[in-house]
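One structure is given below, encoded as structure tokens.
In this chain, numbering begins with 1 at the start of the sequence shown.
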Amino acid sequence: MNITEKQRSAAEAYIEKLILPSDPLMPLWNKENIIFRKRHKWNYIDNCMIKAIIMLSEVGGDERLAEKAAELTDSYVTENGDIPTFSADDFNLDNICGGRNLLWLWRHTGKEKYLAAAELLIHGQLLRQPRTASGNYWHKAVYPEQVWLDGVYMALPFAAEYAVMKDDKQLAEDIIRQLSVIREKMRDDVTGLYYHGLDESGKMSWADEVKGTSSEFWLRSMGWLAAGLADICEIMPGSAEAMLAGLLASLAENMTPEGMLMQLPLRKGLADNYPESSGTLLFAYSAMKAARLGIVGADTGAAGKKAFDAVSEGYINFGPDGMPVLGNICLMAGLGGEPFRDGSAGYYLSEQIVENDAKGIAPYLMAYAESCMQ
């Protein structure tokens, strides 16, 4: 195992003090629900944590974690496979994120309700998802004609797993085609980095008049892209290896000497820019996984391990009760909406920074699980 004692202690403490005791109706890691007093409903934040919990259960053989993943999922899924708080007509790609968890629980438990719920995500939403003129999924119904990098992780690995399971070559080809559009339209040829959003309608004021892209390279959106690509390459070998390798190389070039990536990776000298832990961890997970799969060389894998070590040493502390506290997590960021988010550097640096949110803890545990496989 290529892990440090602090990383092992943090992962074990998260299991015992955060994951296992968490109430499924108000999990301790969902800071958005807590801060904004949102009602309990099917969401990507909890599903990202459940995915990390499943990964921990696989590498550690801890059946308690598999049972917790089922308990958390069962707070959303009924015995007949319905998800009452899921609204297909929102066409929100974030809501597809939990599909892989459902398939894993179906295989692990044999309970058909999980497969029925996964089919609901596919047939109820994804196969009906509106598309841009280029044929890519809209990010949400409220963001028409827009592609966001986040959506790659949220929807396409599940679609890939479903395509392989059903031997659906048309769906598999569609995934690869959508990724090629993202690479063509959202990648900056000079830096190799990817813009957060693309508006093919040209209506949004945040979009470049010629390219249609937003103006900044936001770290976590590229982290979601990298993690999604790494998972897709594992599920469907030969699908996106060059795209993943190029993105990881470009991100590695922008690491700080300590091994972190900044909230805005190219704006290192900008006041208020800061080393952001969740995006750094998504890079760490993706780079280590890509090296294990033979997609990139050992140098990129080592850059991922350096990033994981940098977060572990510099941005995790332990509270008096032994709870790990992961800092420097951007709570959220987006484009458009109300109040309007203009995609400027100032906007991304104005978003709230929090501790121990799932958008940081889940990638930490994903990187830990991947380190255990090295």
Side-chain angles (χ1 to χ4, degrees), residues 24-25 27 30 32-33 38-55 57 66-132 135-144 147-148 150-175 178 224 227-228 231-232 235-236 358 362:
L25 299 180
N30 195 322
E32 288 188 32
N33 279 6
K38 295 181 180 179
R39 68 184 181 92
H40 176 72
K41 66 177 183 178
W42 181 257
N43 68 90
Y44 84 92
I45 297 169
D46 293 340
N47 273 308
C48 285
M49 272 299 295
I50 295 169
K51 175 61 176 170
I53 292 167
I54 287 171
M55 292 174 66
S57 77
E67 292 171 358
K68 191 66 181 184
E71 178 190 2
L72 291 162
T73 302
D74 288 348
S75 70
Y76 301 111
V77 178
T78 67
E79 287 303 311
N80 67 358
D82 190 22
I83 308 174
T85 58
F86 163 68
S87 176
D89 288 343
D90 288 345
F91 293 114
N92 183 345
L93 288 188
D94 292 345
N95 286 337
I96 303 300
C97 176
R100 284 190 291 170
N101 301 336
L102 294 168
L103 291 179
W104 187 89
L105 287 167
W106 169 58
R107 292 191 297 266
H108 189 76
T109 68
K111 293 183 179 180
E112 292 297 319
K113 68 177 184 178
Y114 297 122
L115 178 59
E119 296 279 5
L120 174 63
L121 298 184
I122 288 286
H123 295 284
Q125 179 180 331
L126 203 58
L127 296 184
R128 302 169 50 237
Q129 189 80 7
R131 295 177 182 252
T132 67
N136 281 39
Y137 297 140
W138 290 9
H139 191 64
K140 298 181 184 181
V142 295
Y143 301 129
V147 179
W148 294 12
D150 322 28
V152 171
Y153 182 82
M154 299 303 159
L156 296 188
F158 170 53
E161 189 168 337
Y162 188 85
V164 170
M165 183 179 77
K166 295 291 189 179
D167 194 26
D168 188 335
K169 293 181 174 56
Q170 184 175 353
L171 178 57
E173 291 169 359
D174 182 55
I175 293 164
Q178 289 196 50
W224 287 130
D231 289 357
I232 292 166
I235 297 164
M236 296 189 337

- Would you please test K140 and D94 for side chain to side chain contact (heavy atoms under 4.5 Å, CB included) and show each step? CA-CA 8 Å; K140 298 181 184 181; D94 292 345; 3.8 Å; yes
- Query: Going by distance alone, is a donor N or O of one side chain under 3.5 Å from an acceptor N or O of the other, for N101 and Y114?
  - Reply: no
- Measure the acute angle between the ring planes of H139 and W148, then classify it against the limits of 30° and 60° as parallel, tilted or perpendicular. parallel
- What class does the angle between the rings of H123 and Y162 fall in, given that below 30° is parallel, 30 to 60° is tilted and above 60° is perpendicular? perpendicular
- Message: Before you tell me yes or no, could you show the steps for R107 and E161 under salt bridge (charged side-chain N to carboxylate O under 4.0 Å, His left out), namely the whole-Å CA-CA distance, both residues' side-chain angles and the distance that decides it to 0.1 Å?
- Response: CA-CA 13 Å; R107 292 191 297 266; E161 189 168 337; 3.0 Å; yes
Would you check if [X] and [Y] make a side-chain contact, meaning some heavy-atom pair closer than 4.5 Å?
X    : Y    : value
W106 : K111 : no
M154 : N47  : no
Q178 : V147 : no
V77  : L105 : no
P144 : P130 : no
R100 : P157 : yes
L72  : I53  : yes
N92  : W42  : no

- Test side chain to side chain contact (heavy atoms under 4.5 Å, CB included) applied to T85 and R39, step by step: CA-CA 10 Å; T85 58; R39 68 184 181 92; 3.9 Å; yes
- Considering residues, nucleotides and ligands other than K38, do more than 12 of their heavy atoms fall under 6.0 Å from its NZ? yes
[atom1] of [X] to [atom2] of [Y]: how many Å apart, nearest 0.5 Å?
X    : Y    : atom1 : atom2 : answer
N33  : H40  : CG    : NE2   : 8.5 Å
D82  : L120 : CG    : CG    : 6.5 Å
K166 : E119 : NZ    : CD    : 4.5 Å

- Item | Check: P24 main-chain N/O paired with E71 side-chain donor or acceptor under 3.5 Å | no
- Under 3.5 Å, is there a donor-acceptor pair between the side chain of N43 and the main chain of K41? yes
For [X] against [Y], the heavy-atom pair lying closest together:
X    : Y    : answer
M165 : L115 : CE-CD1, 4.3 Å
I50  : A69  : CG2-CB, 4.0 Å
S57  : I54  : OG-O, 2.6 Å
L171 : D168 : N-OD1, 3.0 Å
A163 : A172 : CB-N, 3.9 Å
G124 : A88  : O-CB, 3.3 Å

- Note on the structure: The single option from L102, I232, L103 that satisfies side-chain contact (heavy atoms from CB on, under 4.5 Å) with F158 is L103
- Message: Among D150, V152, L156, L126, which residue satisfies the side-chain contact (heavy atoms from CB on, under 4.5 Å) criterion with L93?
- Response: L126
- Under 6.0 Å between the ring centres of W138 and F91? no
- Task: Apply side chain to side chain contact (heavy atoms under 4.5 Å, CB included) to Q170 and D174, showing your working.
- Result: CA-CA 6 Å; Q170 184 175 353; D174 182 55; 5.8 Å; no
